[in-house]
Amino acid sequence: MSIGILVSKQNADGGWPYVRGGSWTEPTVYAVLALLAAGEIEPARKGLKWLLGSQRADGGWPARPGVDESVWVTALAALIPAVQVGQRTHDRSIQWLLGTTGRESTPAYRLREWLLGNSQPANQKFPGWPWVPDTAAWVGPTSIAILALDKESRRNSSQAIRTRLDAGRRFLLTRVCKEGGWNHGSNRALGYESRPYPETTGMALAALRGTRTPDICRSIETALRFLAESRSADALNWLRLGLKAHGQLPPGYCPPAGIECRTLSETGLGLLVADALNGGDLFLA
């Protein structure tokens, strides 16, 4: 992967597409972070300008301009250093994350379930984050929100951030699959045990850095198996980040030859993984 690919694919408005066409928030954030890590300031500055113009009044970001709702990509944007986007812009994104939760853990939903005589499942006691507000929480957006709040906590800790981080991590810990690792959502559905997926297993492990339980140990074993089997650039990116977070990435590991990035999000994340493995701190600080 080359940083030149990102520079060549930047749209005239400063943002990036997933592959081609209009600019979207997710690939733009990954590209900006990768460019900042590489010291490519000018194209990063153009991307930052595009992002600053896309932030909504509630402090969050939509998936792309023209979408009238802030969504999970706000957590990605919150990973960009405050010095690059401005303290107020950054603070507003953190507040959006603190105020967003999965629908199943809201007081209104719990009251409705109680009135209907439904007991709350054990794995719904702790709030995660949804892809879209007022919907259920999922492993992916919860993991990225934890990464953003953990990064913020290391620089500007508060009780609100610590409390929300603890709840988010507990959300993930109650959703470990029986064989280790994580599915996209629940670890059990329709009466059957859910199977884990490589990318969500890597994401959750990265978010649970510093946590050591028997479930985490099983999940590391599952991640190592996925690392040997997976042929997806996205999966291998997250698996490497997750295993690195626990000091379990095999020394000298290199992805198999022939693995291609399908989107610019994968390209940007792959460059950030390489930077993190070389001691960089823009993503997993």
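Quick note: numbers below take in every heavy atom, side chains included, and nothing from hydrogens, waters or symmetry partners. Computed from a prediction, not measured in an experiment: that's the story for all the values here. Just so you know, residue 1 is the first one in the sequence shown, and it goes up from there.
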Show the nearest heavy-atom pair for residues [X] and [Y], with the distance to one decimal.
| X | Y | result |
| --- | --- | --- |
| Thr89 | Trp61 | CG2-CH2, 3.8 Å |
| Gly60 | Thr74 | CA-OG1, 3.3 Å |
| Pro17 | Leu264 | O-CD1, 3.2 Å |
| Pro133 | Glu69 | CD-OE2, 3.9 Å |
| Arg240 | Leu249 | CG-CD1, 3.9 Å |
| Leu227 | Leu239 | N-CD1, 3.8 Å |

Kindly indicate, with the supporting measurements, whether the criterion side-chain contact (heavy atoms from CB on, under 4.5 Å) is fulfilled by Ser232 and Arg262.
-> CA-CA 9 Å; Ser232 158; Arg262 299 166 298 173; 4.2 Å; yes
What is the distance from atom CD1 of Ile216 to atom CD of Gln248, rounded to the nearest 0.5 Å?
->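 Ile216 CD1 to Gln248 CD: 11.5 Å, rounded to 0.5 Å.
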Separation between OG of Ser93 and CG of Leu76, rounded to the nearest 0.5 Å |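 Those atoms lie 11.0 Å apart.
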Is there a side-chain contact (heavy atoms from CB on, under 4.5 Å) between Trp238 and Thr200 once you walk through the steps?
-> CA-CA 8 Å; Trp238 282 110; Thr200 43; over 6 Å; no
Would you please test Trp72 and Trp129 for side-chain contact (heavy atoms from CB on, under 4.5 Å) and show each step?
-> CA-CA 8 Å; Trp72 70 277; Trp129 280 267; over 6 Å; no
Criterion side-chain contact (heavy atoms from CB on, under 4.5 Å) on Trp182 and Leu208, from CA distance to verdict = CA-CA 12 Å; Trp182 283 263; Leu208 290 168; 3.5 Å; yes
Contact check, side chains of Leu6 and Thr267, non-hydrogen atoms, under 4.5 Å |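 In short, these two side chains touch, coming nearer than 4.5 Å.
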Trp24 reachable from Leu269 in the ILVMFWY side-chain graph, under 4.5 Å edges =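 No, no single cluster joins them.
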Got a sec, which pairs hit salt bridge (Lys or Arg N to Asp or Glu O under 4.0 Å) with one end in residues 74-90, sequence neighbours left out?
->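 Found none.
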Would a distance-only check, ignoring hydrogens and angles, find a side-chain to backbone donor-acceptor pair under 3.5 Å from [X] to [Y]?
| X | Y | answer |
| --- | --- | --- |
| Asp275 | Leu271 | no |
| Thr142 | Gly168 | no |
| Thr163 | Ala160 | no |
| Thr174 | Phe171 | yes |
| Arg92 | Ala57 | yes |
| Arg212 | His246 | no |

Report the residue from Met203, Arg169, Arg209 that forms a side chain to side chain contact (heavy atoms under 4.5 Å, CB included) with Ile146.
->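 The option that passes is Arg169.
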Decide salt bridge (charged side-chain N to carboxylate O under 4.0 Å, His left out) for Asp166 and Arg162; before the verdict, give the C-alpha distance in whole Å, the side-chain angles of both, and the deciding distance to 0.1 Å.
-> CA-CA 6 Å; Asp166 180 68; Arg162 290 192 294 271; over 6 Å; no
Side-chain donor-acceptor pairs under 3.5 Å in residues 43-53, sequence neighbours left out?
residue : atom : partner : partner atom : Å
Arg45   : NH1  : Glu42   : OE1          : 2.7
Trp50   : NE1  : Asp13   : OD2          : 3.4

In terms of ring plane angle, is the pair Tyr197 and His184 parallel, tilted or perpendicular, where the classes change at 30° and 60°?
->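 Ring orientation of Tyr197 relative to His184: tilted.
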Glu26 and Tyr18 side chains, donor-acceptor separation under 3.5 Å =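 Yes.
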Determine, step by step, whether Arg164 and Glu152 satisfy the salt bridge (charged side-chain N to carboxylate O under 4.0 Å, His left out) criterion, reporting the C-alpha distance in whole Å, the side-chain angles of both residues, the deciding distance to 0.1 Å, and the verdict.
-> CA-CA 12 Å; Arg164 193 67 181 91; Glu152 176 70 6; over 6 Å; no
